[in-house]
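Here's the structure, in structure tokens; my notes come after.
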Amino acid sequence: MHDIRAIRENPEAFDAGLARRGLAAQSSDILKIDDARRAAIHAAETALAERNAASKQVGAAKAKGDEAEFERLRALVGAKKTEIAELEDQAKAETHRLNDVLMSLPNLPASDIPDGEDEDDNVEVRRIGSPRNFSFAPKEHYEVTAAAHGLDFETAAKLSGSRFVVLRGAMNRLHRALGQFMLNTHVDENGFTETWTPVLVRDEAMYGSGQLPKFAEDSYRTENGWWLIPTAEVTLVNSVAGEILDEGALPIRLTAHSQCFRSEAGSAGRDTAGMLRQHQFEKVEMVAITTPDQSAAELERMTKCAEGILDALKIPYRTVVLCTGDVGFGMRKTYDIEAWLPGQNSYREISSCSVADDFQARRMNTRYRPEGGKPEFVHTLNGSGLAVGRTLIAVIENNQQEDGSITIPEVLRPYMGGKSTVLPDGSLGD
RNA sequence: GGAGAGGUGCCAGAGUGGUCGAAUGGGGCGGUCUCGAAAACCGUUGAGCCUUCACGGGUUCCCAGGGUUCGAAUCCCUGUCUCUCCGCCA
């Protein structure tokens, strides 16, 4: 949701921002609607003011018991009725028209992100860790013998179809360990408050964080109208919807370990093997609510928090800043963190950390009160910290051994009964 | 699932269809008093939109959306949320 005032004050900058997204200029159309809207509001309010003034006199006449005067004014005020209704309808219609346009346009890209058309134009900002040298051909996660025992796609297909998985034994324990490790790290070391939220939400929440109205086909909806969240960003961000927060309460840092549901419409044929792209997966999500002056620094901080998980797991990764053509609808700037997958011989997205500035805050009407000042919109940020299933893949592929076993990263061993290996038969070993 | 009650300002809590953005109390902020503090007293204390260089003016908002009325926080309808009781249940 854009700020109409900002567009009024600097239409050129607005159009320039859209242009960087590859979109046509909109400001002149928008300002026309804005003018029409303001004229309509003005007309309606003038009529209302007249009515209210006369209406007060009606009350006074009634109180005095002046029946003739009362009847005269009564008729006068009554005559205004249809006129006011019409003018109000018009003002409302123009306001809706304006909001529809402002709601449907994507956020403007931050000034410091690269121009580009698609993911090929993203720019790597750092690369951490070196891919391990294998003395054998590394396999994809579902081919590693130890993992294959615990990744059951056949049963999942029987239950639910494609893009689902049943996890068994050591694989599920590893999956569980990862989620717990991530959540604990963000809570104990990174200052986030752990949160458990519903995964079924109403329309308003999906609008607030920007999934609706444009991306309805990406999410699932229940028959009675709830949406299954595609990410806990929806619930964490919307947890402050409609509020005026104390400046002292900021930044608010929340994290949640949740199920996520995505229809993956439009990705038919992509990543069909293994559990890289699923309709249902787990993610540990980070969200921060900050003042405008802190949000840029918070994005760097949040990205570090996500990277820290991979550092601890000793998984090589690279961090890229998304170009204007790839950054998401509601976001100003995004860092993707891509983990090295030796089985695929490539880096694959495992986290995405973004700052929305006040884009979501406007949709949700979330503000804070600066010291002694008027309420202002907060800035919101969100990031994966990390996608649990994809991290499991990265752990499997990077720690696979020639005999088909998997070495368990040290930081996870406390969660694995102290064991250090998943043996080729799928059991845990010292 | 059944039955009932209710949603008013930062909080508690009044509110007769008519000068109600809303009594009163508490809290917050400012001040008086005090060596300082407490107490007491005085004042102040919501948000959005339109308009204005500004001071200011106008308008909307008493859960949300409709409706009745010359006029709605107050009446009616729908939705929604909360609470109580019964039933069921992880």
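Proteins come first, then strands; the chains are lettered A, B, ... in the order of their sequence lines, and each starts at number 1. From a predicted model like this one, the values you see are computed outputs, not experimental measurements.
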Rounded C1' spacing from B/U68 to B/C55 in Å
41 Å
How many whole angstroms separate atom NZ of A/Lys92 from atom C1' of B/U59?
14 Å
Rounded distance in Å between the C1' positions of B/G4 and B/U59:
40 Å
For B/C61 and B/C20, measure between their C1' atoms and round to the nearest Å.
13 Å
Pair A/Asp3, A/Arg362 - check salt bridge (charged side-chain N to carboxylate O under 4.0 Å, His left out), show working.
CA-CA 8 Å; A/Asp3 181 4; A/Arg362 286 180 184 283; 3.1 Å; yes
Same-atom distance (C1') from B/C62 to B/G15, integer angstrom
11 Å
Whole angstrom value for the distance that separates C1' of B/G57 from CD of A/Glu45:
11 Å
Measuring to OP1 and OP2 of B/U80, would you say a side-chain N or O of A/Arg202 lies under 4.0 angstrom away?
no
What is the distance, rounded to the nearest whole Å, between atom CZ of A/Arg363 and atom P of B/G48?
20 Å
Give the rounded distance in Å between these two atoms: CZ of A/Arg37 and C1' of B/U60.
13 Å
Main-chain N/O of A/Ala157 paired to A/Ser160 side chain as donor or acceptor, under 3.5 Å
no
Hey, does the side chain of A/Arg369 come within less than 4.0 Å of B/A47's phosphate (OP1/OP2), counting only N and O?
yes
Using a distance-only test with no angle check, is there a side-chain donor-acceptor pair under 3.5 angstrom linking A/Glu285 and A/Asn382?
yes
Contact class for A/Arg362 (heavy atom, under 4.0 Å): base, sugar-phosphate, or nothing?
nothing
A/Ala49 has a side chain; which of B/U59, B/C49, B/G18 sits nearest to it?
B/U59
Sort out the partner of B/U19 for me: Watson-Crick or G-U wobble, both distances under 3.5 Å, none otherwise.
none
Is the shortest side-chain N/O distance from A/Asn52 to OP1 or OP2 of B/G58 below 4.0 Å?
no
Of the options B/C81, B/G71, B/A47, whose atoms approach the side-chain atoms of A/Lys81 most closely?
B/G71
Please confirm whether A/Phe359 and A/His379 have ring centers closer than 6.0 angstrom.
no
With rounding to the closest Å, how many angstrom separate the C1' atoms on B/C83 and B/C63?
15 Å
OP1, OP2 of B/U69 versus side-chain N and O of A/Arg74: anything below 4.0 Å?
no
Nearest-nucleotide wise, let me know which of A/Asp34 and A/Ala53 is further upstream toward the 5' end of RNA chain B.
A/Asp34
Any donor-acceptor pair under 3.5 Å from A/Ser351 side chain to A/Gly385 backbone
no
Between A/Glu264 and A/Arg277, is any pair of side-chain heavy atoms under 4.5 Å apart?
yes
Would you mind telling me which residue lines up with the more 5' stretch of RNA chain B, A/Glu88 or A/Arg367, judged by nearest nucleotide?
A/Arg367
Mind checking the P distance from B/C29 to B/C49? Whole angstroms is fine.
28 Å
Just name whichever nucleotide pairs with B/G43, Watson-Crick or G-U, keeping both distances under 3.5 Å, else none.
B/C29
Interatomic distance at P, B/G28 relative to B/C81, whole Å
35 Å
Write down the distance between NZ (A/Lys374) and P (B/U45), rounded to a whole number of angstrom.
12 Å
Can you tell me the pairing partner of B/A64 across any strand shown, Watson-Crick or G-U wobble, with both distances under 3.5 angstrom?
B/U78
Do A/Val101 and A/Asn99 come within less than 4.5 Å of each other through their side chains, counting heavy atoms only?
no
Between atom CZ in A/Arg38 and atom C1' in B/G58, what is the gap in whole Å?
16 Å
For B/A23 and B/G46, measure between their P atoms and round to the nearest Å.
12 Å
Pairing nucleotide - B/A3, Watson-Crick or G-U, each distance under 3.5 Å:
B/U84
From CG of A/Asp246 across to C1' of B/G28 the rounded distance in Å is 11 Å
Please give, in whole Å, the distance from B/U45 C1' to A/Ile244 CD1?
14 Å
